[in-house]
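Here's the structure we're looking at; comments come further down.
So you know, we letter chains A, B, ... as the sequences are listed, proteins then strands, and number each from 1.
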There are 2 protein chains.
Amino acid sequence: MAETIKILVADDHMMFVDGIDSILKDEKDIEVVGRCYDGPSVIEFLKNDNADLVLLDVNLPEMNGIEVCKQVNKSYSDTKILAISMFNEESFVTEILNNGAEGYILKNTGREELLTAIRTVNNGKTYFSKDVTQTIMKSLMKSRKASNSSKSGFIPKISRREKEVLKLIVEEYTTQEIAKELFISLKTVESHRSSLLAKMNARNTAGLVRITMENKLLD
Amino acid sequence: MAETIKILVADDHMMFVDGIDSILKDEKDIEVVGRCYDGPSVIEFLKNDNADLVLLDVNLPEMNGIEVCKQVNKSYSDTKILAISMFNEESFVTEILNNGAEGYILKNTGREELLTAIRTVNNGKTYFSKDVTQTIMKSLMKSRKASNSSKSGFIPKISRREKEVLKLIVEEYTTQEIAKELFISLKTVESHRSSLLAKMNARNTAGLVRITMENKLLD
DNA sequence: ATATATCTAGGGGTATTCCCCCAATAAAAT
DNA sequence: ATTTTATTGGGGGAATACCCCTAGATATAT
């Protein structure tokens, strides 16, 4: 129960590491077992020593946090990762979460929240700063809204019929099969296809499918 | 400043609606302007009356909450939606968020949290129960993990060269252009293409691109 | 009401993809 | 050392996609 949580702090700003250190040294259940100032050092450290949790800066020199996270998660899956960053950037957050981080907090996080985050993540749960949560949720919604409201800027509105054709194209139907499926002429489908190519500014089917998926134009 | 927030409550359990009602009637800044017990009624209500916020049960009879949400968001974009549900199900949460809901809380939410949620959403921000946040974050992480492991399972390993070709295909290059780009024969590219079709079990270029993006094969 | 967009469909032609066959060399795995 | 896979390349042909043109009927929006 009263086992100490072994922590490795990885951040390129020494002062920041010192700050973390001084916050954590008062805690009986937490022990800082190492410090790293760049990505490769983290991997190197874990080869020889053990850590329960890595406090990992997302923006590290040489090898960025995402890469480090990927590697740690792969080779040392017992070691939890609590990402920490100055920036509340959606891309950073999702990237590192997708690569195995268990939590994400900002650098302006206070002492109490830091401790809570560490203990929560160490217990196998996840922790996110409130601001981070907002960011993620917003982007979750934005992605769909952008495509739903047809964003009027990049991709002109795709008509109902065109969308039906597009859906089948993505599902690997040929023009003939689409015509059969929708009970229309082959020439009509071709017409829709070329409209789609023009509207989406694509050169061929590959582009049609890529743009569709990138912008989540269907579903 | 002291404008009242007009709320429409939509839930098929009358007792629950009553409960909400009694919680909200003590609040000076909140007014329940309508009650609905199924989906279509919500749309019907908004045709004649106005509401700032809909407290919307995700699981409604006749027309489920997601559909209602979509319609409201489309036709009455000023009306905010705070989704409410018994279930902390990842699919429900993402579905309704993707269709324009500004918040999601659970039915076991207490009085104080409910009021906070309503006021937060009404102010144009988003609100999510803590449990809901956890659920979303977990699924965000799981999604990548699943696709990563399925990569080695479902889709046979794609060779380095094949990946290069695949990348260019996704970028709308034709076979001729790929050949030129990679300094190899057109026939060689065709050979790689058919290998890719076979390995990825695709019928055509559309499938190639879709499967590539679904499984994030090019990262 | 009048313009704009959509859905429909055709003729005719070129470009591209996809399929079958084949095979040599090189690299990697067993 | 031997088998397997990757990479390279070819002939030939069928299927599909793409492009140019036109054009009437229906919707939708201004």
Separation of [N] [atom2] from [X] [atom1] (nearest whole Å):
X	N	atom1	atom2	answer
Leu208(A)	dA17(D)	CG	C1'	11 Å
Lys163(B)	dT7(D)	NZ	P	11 Å
Arg160(A)	dT28(D)	CZ	C1'	14 Å
Gln176(B)	dA15(C)	CD	P	9 Å
Tyr173(A)	dA17(D)	OH	C1'	19 Å
Arg203(A)	dT14(C)	CZ	C1'	15 Å
Ile178(B)	dA15(C)	CD1	C1'	14 Å
Asn204(A)	dT14(C)	CG	C1'	16 Å

Between [Y] and [X], is the closest basic N to carboxylate O distance under 4.0 Å?
X	Y	result
Glu190(A)	Lys187(A)	yes
Arg193(B)	Glu162(B)	no
Lys70(B)	Glu67(B)	yes
Lys167(B)	Glu164(B)	no
Asp11(B)	Arg35(B)	no
Asp49(A)	Lys6(A)	no

Exercise. Give a yes/no answer on whether the side chain of Lys157(A) brings an N or O atom under 4.0 Å of OP1 or OP2 in dT4(C).
Key: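 It does not, given that no N or O in the side chain of Lys157(A) lies less than 4.0 Å from OP1 or OP2 of dT4(C).
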Quiz item: So, is Thr205(B) near the phosphate of dA17(D), with a side-chain N or O under 4.0 Å from OP1 or OP2?
Solution: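 So the side chain of Thr205(B) is outside the cut-off, no N or O lying under 4.0 Å from OP1 or OP2 of dA17(D).
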Quick check for you: among [options], whose closest atom lies nearest to any side-chain atom of [X]?
X	options	answer
Arg161(B)	dT16(D), dT7(D), dC7(C)	dT7(D)
Thr174(A)	dT6(C), dT16(C), dT16(D)	dT16(D)
Thr175(A)	dC18(D), dA17(D), dC7(C)	dA17(D)

Practice problem: Evaluate whether atom CG of Asp21(B) has more than 12 neighbouring non-hydrogen atoms of other residues, nucleotides or ligands under 6.0 angstrom away. | Solution: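 Atom CG in Asp21(B) is crowded, with more than 12 foreign heavy atoms closer than 6.0 Å.
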Quiz prompt | Stretch residues 182-197 of chain B: residues that reach within less than 4.0 Å of DNA chain C through a heavy atom | solution =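 Within residues 182-197 of chain B, the residues near DNA chain C are Lys187(B), Glu190(B), Arg193(B), Leu197(B).
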